[in-house]
Amino acid sequence: MCPKSKGTFYITTPIYYVNDVPHIGHAYTTVAADVLVRFKRLEGYQAFFLTGTDEHGQKVEKAAQERGVDPKVHCDEMVKRFQSLWRRLNISNDDFIRTTEDRHKKVVQKILQDLYDRGEIYQASYEGWYCIPCERFWTEKDLTEGKCPDCLREVVEISEKNYFFRMSQYQSWLIDHIEKNDRFILPPSRRNEILGFLQNPLEDLCISRPKKRLKWGIEIPFDPDYVTYVWFDALINYVSGIGYSSDNPRFSDFWPEAIHLIGKDILTTHTVYWPTMLRGIGLTPPKMVFAHGWWTVEGKKMSKSLQNVVEPNRLIDTYGVDALRYFLMREVPFGMDGDFSHATMVHRINSDLANDLGNLFSRALSMVIRYFDGIIPVPSSLQEIDLRLQESSAKVIAQLPGQMNDLAFNKALITLWEIVSASNKYVDETAPWSLAKEEKDRPRLATVLYQTLEALRIIALLLAPFMPTTAEKMWTHLGMESNLWEQNLEADGNWGGLKPGGKIVKPTPLFPRIDTTKMEKKI
RNA sequence: GGCGGUGUAGCUCAGUUGGUCAGAGCAUGCGGCUCAUAUCCGCAGUGUCCGGGGUUCAAAUCCCUGCACCGCCA
């Protein structure tokens with residue numbers, strides 16, 4: 001661990017099902033994780049960010065079969081869609097784990113063997129109805145008119161032997177853990193849901209599938225006739241991905257700080273199955289599981305049949321990476337459902353990004369070029385109004401860490417925009433264009449423009465986790481020679497980091513306004 | 001059916017333990033500036049705080065009830 005580190009931080013996204021077409025929901029979780037981890041790095045934490053893909057199970061096996069290729073070959077191709085999207089979205093993950101990798105399979109098998117050896121796993125006969133597309137068993141009373149309650153498709157009656165994890169024994173421990181840790185499951189509404197769910201008896205978890213039905217999975221180490229249930233396999237990525245049983249120092253540094261970002265649809269697996277699995281293994285639960293909401297599109301639920309699935313690549317093509325990242329983080333409180341619409345997106349870009357931020361950047365740099373030949377001027381004595389600008393910046397910096405800890409990304413951005421507003425107001429009230437008319441006001445002009453540029457430097461610094469490309473552009477245009485990604489919030493967030501004498505680069509609009517009349521045709 | 005939640009300006013929502021709490025942003029209208037991406041700054045509103053009843057000196061805030069919507073489980 002590096003000496004200046006404030007501690008460790010570990011963030012994960014779910015591993016996405018490799019067969020899925022990446023949509024706005026995938027992008028949402030991953031961008032949120034990226035924003036958070038970038039902010040933590042800025043704060044000085046030694047951070048680790050893991051994402052990846054879930055590659056086993058019937059759907060992959062079937063899709064590969066239909067194409068006449070080996071499942072692994074199929075996965076190797078499909079995984080690229082996620083990997084390339086993350087590159088385009090500037091996702092700064094430290095690793096990418098695939099459940100078909102040896103490093104993962106080894107850990108899954110080791111855990112299974114350990115649990116089996118200690119009697120945490122037993123074999124029993126299972127009878128019930130099985131839904132093949134959902135890869136899920138249902139009991140008689142679960143069924144809806146004799147069909148799968150999830151997808152309403154036909155189910156088949158099956159009786160077979162399987163292996164079970166003794167999950168039920170951990171029920172009271174889990175309830176206790178949730179009650180004692182009010183930030184273990186967030187938002188609080190989800191925590192209540194799980195506590196409600198746990199008022200009913202918890203059953204043991206079936207963790208195997210017979211190979212005669214499914215071959216594409218991780219073989220159960222103590223019974224070659226079975227493969228591992230996909231969820232049991234998948235959840236383990238969170239520990240296999242940071243070196244459990246292979247890199248113990250790293251694992252023990254990061255695991256206690258683990259934060260899982262998930263969609264609300266996989267809450268139970270992450271807050272019931274996973275903590276009890278960890279308990280069985282002898283590991284502590286993750287520090288936090290945060291379930292975010294879902295996006296509707298133009299007011300409607302996304303679905304293949306409606307053909308309204310929003311492809312992030314398309315949005316990037318249309319609006320740009322940073323505008324998309326900004327929208328996702330700004331529009332909706334993390335944890336709530338939200339709606340994506342082109343009208344709202346354009347509105348956000350035009351008002352927040354083009355008018356408020358972009359125009360501030362543009363007007364400030366233009367004046368420095370016009371009045372000082374692009375050389376950052378030397379400030380002289382400060383007046384009350386100058387100090388007020390500094391104070392608003394300091395106030396924002398004081399608030400951000402707490403808001404980020406709460407994953408309140410939208411609040412953080414609203415707070416950050418207070419500096420943008422304060423700066424626009426500052427420029428307006430100090431009227432540098434008037435000062436430029438009188439030679440005697442030159443020192444005052446220098447001070448005003450320096451203060452404005454310095455506000456922009458701080459804005460760029462704080463914006464970096466949310467909009468990395470834009471922040472870098474601002475940084476270099478401000479003549480900053482240091483590496484933006486090596487800055488530290490505490491030290492570099494202080495007023496005065498901008499060095500007079502530096503050379504401003506002539507600005508181009510950070511975010512061109514979108515003409516809504518032309519926009520109609522484009523989308 | 002069980003458990004939980006929500007209902008506040010045109011829109012999206014803030015409103016700790018009941019007493020300047022009737023607010024913010026956006027949208028709208030008016031005024032100002034001209035450095036800037038016709039951008040920026042200022043000012044101005046509008047609300048039966050879902051309906052009804054109750055507790056209290058005092059309720060958007062607590063209790064009861066009705067309606068509407070949502071989530072989880074069944």
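Atoms considered below: every heavy atom in the structure, side chains included; atoms not considered: hydrogens, waters and symmetry mates. Just so it is clear: chains get the letters A, B, ... in the order the sequence lines come, proteins before strands, and each one is counted from 1.
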Sidechain N-carboxylate O distance under 4.0 Å for K59(A), D54(A):
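Salt bridge absent between K59(A) and D54(A).
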May I ask you to decide whether K473(A) forms a salt bridge with D322(A), counting only side-chain N to carboxylate O separations under 4.0 Å?
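No, this pair does not count.
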Does R209(A) make a cation-pi contact with F232(A) (under 6.0 Å, within 45 degrees of the axis)?
no
Parallel, tilted or perpendicular, as decided by the 30° and 60° cut-offs, for the rings of F334(A) and H292(A):
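The arrangement is tilted - the two ring planes meet at 30° to 60°.
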Residue closer to the 5' end of RNA chain B, R330(A) versus S434(A) (nearest nucleotide):
R330(A)
What N/O pairs connect the protein and nucleotides 69-72 of chain B at under 3.5 Å? Give each pair on its own line.
residue	atom	partner	partner atom	Å
rG71(B)	O2'	R190(A)	NH1	3.2
rG71(B)	O2'	E193(A)	OE2	2.3
rC72(B)	O4'	E193(A)	OE1	3.4
rC72(B)	O4'	E193(A)	OE2	3.4

In whole Å, what separates the C1' atom of rC50(B) from that of rU8(B)?
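My reading of the C1' atoms in rC50(B) and rU8(B) gives 10 Å.
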Positive for side chain to side chain donor-acceptor pair (under 3.5 Å) with T51(A), one of T12(A), T13(A), D34(A)
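Looking at T12(A), T13(A), D34(A), the match for T51(A) under the side chain to side chain donor-acceptor pair (under 3.5 Å) is T13(A).
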Would you classify F361(A) as touching base, sugar-phosphate or nothing, given that sugar-phosphate means primed atoms plus P, OP1 and OP2, and contacts are heavy atoms under 4.0 Å?
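Nothing: the residue F361(A), judged by heavy atoms under 4.0 Å, touches no strand.
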Scan D356(A) against the nucleic acid and name what it touches under 4.0 Å (heavy atoms): base, sugar-phosphate only, or nothing.
sugar-phosphate
Show me the protein contacts with nucleotides 4-15 of chain B, counting only N or O atoms at under 3.5 Å.
none

Under the side chain to side chain donor-acceptor pair (under 3.5 Å) rule, what pairs show up with a residue in residues 397-409 of chain A, not counting sequence neighbours?
K40(A)-N405(A), R183(A)-D406(A), Q403(A)-T415(A)
